[in-house]
Amino acid sequence: MSGAPPLCLTVAGSDSGGGAGIQADLKTMLALGVHGMSVVTAVTAQNSLGVRGVWELPAEAVTAQYRAVVDDIGVRAVKTGMLSSAVLVETVAALLATTDAPAVVDPVGVSKHGDALLAASALEAVRKELLPRATVATPNLDEVAQLTGVSVHDEDGMRRAADAVLGYGPQWALIKGGHLAAHGGEAVDLLTDGTEERWLRAPRYDNRHTHGTGCTLASAIAAGLAQGLTVPESVTAAKEYVTGAIAAGFALGGGIGPVDHAWRRR
Ligand SMILES: Nc1ncnc2c1ncn2[C@@H]1O[C@H](COP(=O)(O)OP(=O)(O)OP(=O)(O)O)[C@@H](O)[C@H]1O
Ligand SMILES: Cc1ncc(CO)c(N)n1
């Protein structure tokens, strides 16, 4: 009998299409060698064409799942994704406060198709209650604009965005430049804790099948933290993993296909 792998928990929404959300998180965790566990916050009826419906779970169901996992099994790192409403943001922030494990907060706002995954009324709770609990916050440029009002067009803008996000209290901000208009053929992200600044640069793939990039990156960071890596080490390894997954993203259905979580095994 061998020992258990490092324990990693995702608190996020279900994507029936299997490319993003809880499904992306658990696949990423498996691929990276940690034991993935899940707290479902909402169920989405979703495919390559968009989100057809969202059913949020009651706060008690979220709390019960979280407590069931943490009180018995334990966790080494937590990732949060789609939280849907102010009530669930507040519930999850309060739960994180009871857990002594690093938290990767992906402040999911909208899907790749522009479908809302977070109520506008929840933004203030994300700023005031969730971001202060984050070891690493991983907003994309749209989420940065929504949360801080900073609109980013270049690398200098990414610096201003990171400062604004850090102002809400996470230890580290990872500003994802995936949405930055073609940037010398690179996909550039900025990681900073306000003292050190690390630019992560990878080739930009001209592949439309990018469903799940953000979820995959955040879960991969959490997997690294669960394995005892530092934040910069986890983010560097996660960037390499998501870049490979995007390069291997495949067509599925009639719209945007998923990244390939199993790319290293093919
Ligand atoms: N075409 C691409 N080629 C390579 N890397 C990319 C590409 N698009 C995004 N990335 C990288 O993927 C990671 C996720 O960034 P992105 O901005 O796409 O997240 P996101 O918008 O939160 O994703 P999602 O739409 O799944 O929520 C970042 O490291 C980003 O630089
Ligand atoms: C459930 C879920 N979480 C996150 C995303 C982010 O793209 C998505 N599309 N669906």
Side-chain angles (χ1 to χ4, degrees), residues 9-17 20-25 38-46 50-67 78-99 103-152 160-171 173-176 178-179 211-215 217-219:
L9 174 65
T10 170
V11 180
S14 166
D15 168 11
S16 52
I22 288 278
Q23 288 78 1
D25 299 341
S38 59
V39 170
V40 179
T41 57
V43 172
T44 71
Q46 186 173 176
V51 178
R52 293 187 179 183
V54 175
W55 294 266
E56 198 181 302
L57 264 71
E60 311 84 78
V62 171
T63 299
Q65 292 173 81
Y66 191 96
R67 293 261 63 96
V78 183
K79 176 247 160 166
T80 70
M82 173 188 179
L83 298 179
S84 192
S85 68
V87 168
L88 291 189
V89 170
E90 285 160 11
T91 300
V92 171
L95 288 167
L96 291 178
T98 69
T99 312
V104 181
V105 170
D106 186 16
V108 171
V110 295
S111 79
K112 279 255 147 63
H113 295 91
D115 305 298
L117 300 174
L118 182 75
S121 57
L123 284 172
E124 197 55 10
V126 172
R127 293 184 194 104
K128 296 272 167 64
E129 316 231 5
L130 191 61
L131 290 179
R133 302 260 165 238
T135 308
V136 194
T138 65
N140 66 27
L141 298 186
D142 297 327
E143 291 152 1
V144 161
Q146 271 205 311
L147 288 167
T148 71
V150 175
S151 62
V152 176
R160 282 186 285 109
D163 285 346
V165 171
L166 287 175
Y168 289 110
Q171 289 172 33
L174 177 67
I175 308 298
K176 298 178 293 191
H179 299 202
H211 185 69
T213 49
C215 305
L217 179 67
S219 299

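Residues take their numbers from the sequence shown, with the count starting at 1. The model shown is predicted, which means the values in this text are computed figures rather than measured ones.
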**Request:** List the steps, then state whether side chain to side chain contact (heavy atoms under 4.5 Å, CB included) holds for Leu147 with Val165.
**Result:** CA-CA 8 Å; Leu147 288 167; Val165 171; 5.9 Å; no

Could you check whether [Y] and [X], counting side-chain N and O atoms only, form a donor-acceptor pair closer than 3.5 Å?
| X | Y | value |
| --- | --- | --- |
| Asp106 | Thr138 | yes |
| Ser85 | Glu56 | yes |
| Arg67 | Thr98 | yes |
| Thr99 | Tyr66 | yes |

**Prompt:** Within a strict 4.5 Å, meaning less than it, do heavy atoms of the Leu117 and Ser84 side chains meet?
**Reply:** no

If you measure from [atom1] on [X] to [atom2] on [Y], what distance do you get to the nearest 0.5 Å?
| X | Y | atom1 | atom2 | answer |
| --- | --- | --- | --- | --- |
| Lys112 | Asn140 | NZ | CG | 8.0 Å |
| Lys128 | Leu123 | NZ | CG | 11.5 Å |
| Ser111 | Leu118 | OG | CG | 12.5 Å |
| Thr44 | Asp15 | OG1 | CG | 5.0 Å |
| Leu96 | Leu130 | CG | CG | 6.5 Å |

**Item:** Ion pair check, Asp142 and Lys176, cut-off under 4.0 Å
**Value:** no

I'd like to know if the side chain of [X] reaches the main chain of [Y], judged simply by a donor and an acceptor atom lying under 3.5 Å from each other, with no hydrogens or angles considered.
| X | Y | answer |
| --- | --- | --- |
| Thr91 | Ala59 | no |
| Gln46 | Ser16 | no |
| Glu129 | Val126 | no |
| Ser151 | Ala145 | no |

Atom of [X], atom of [Y] and distance for their closest heavy-atom approach:
| X | Y | value |
| --- | --- | --- |
| Ala20 | Gly212 | CB-CA, 3.9 Å |
| Thr10 | Ile22 | CG2-CD1, 3.9 Å |
| Ser38 | Gln65 | O-OE1, 3.9 Å |
| Val62 | Val39 | O-CG1, 3.7 Å |
| Cys215 | Asp25 | O-OD1, 3.4 Å |
| Arg160 | Val150 | NH1-CG1, 3.9 Å |

**Item:** CA sep, side-chain torsions, deciding dist, call: Ile175, Leu141, side chain to side chain contact (heavy atoms under 4.5 Å, CB included)
**Value:** CA-CA 7 Å; Ile175 308 298; Leu141 298 186; 3.7 Å; yes

**Request:** Verify side chain to side chain contact (heavy atoms under 4.5 Å, CB included) between Val11 and Leu83, making sure each step is shown before the conclusion.
**Result:** CA-CA 8 Å; Val11 180; Leu83 298 179; 4.1 Å; yes

**Request:** Please test Leu174 against Leu217 for side chain to side chain contact (heavy atoms under 4.5 Å, CB included), starting from the C-alpha separation and ending with a verdict.
**Result:** CA-CA 10 Å; Leu174 177 67; Leu217 179 67; 3.8 Å; yes

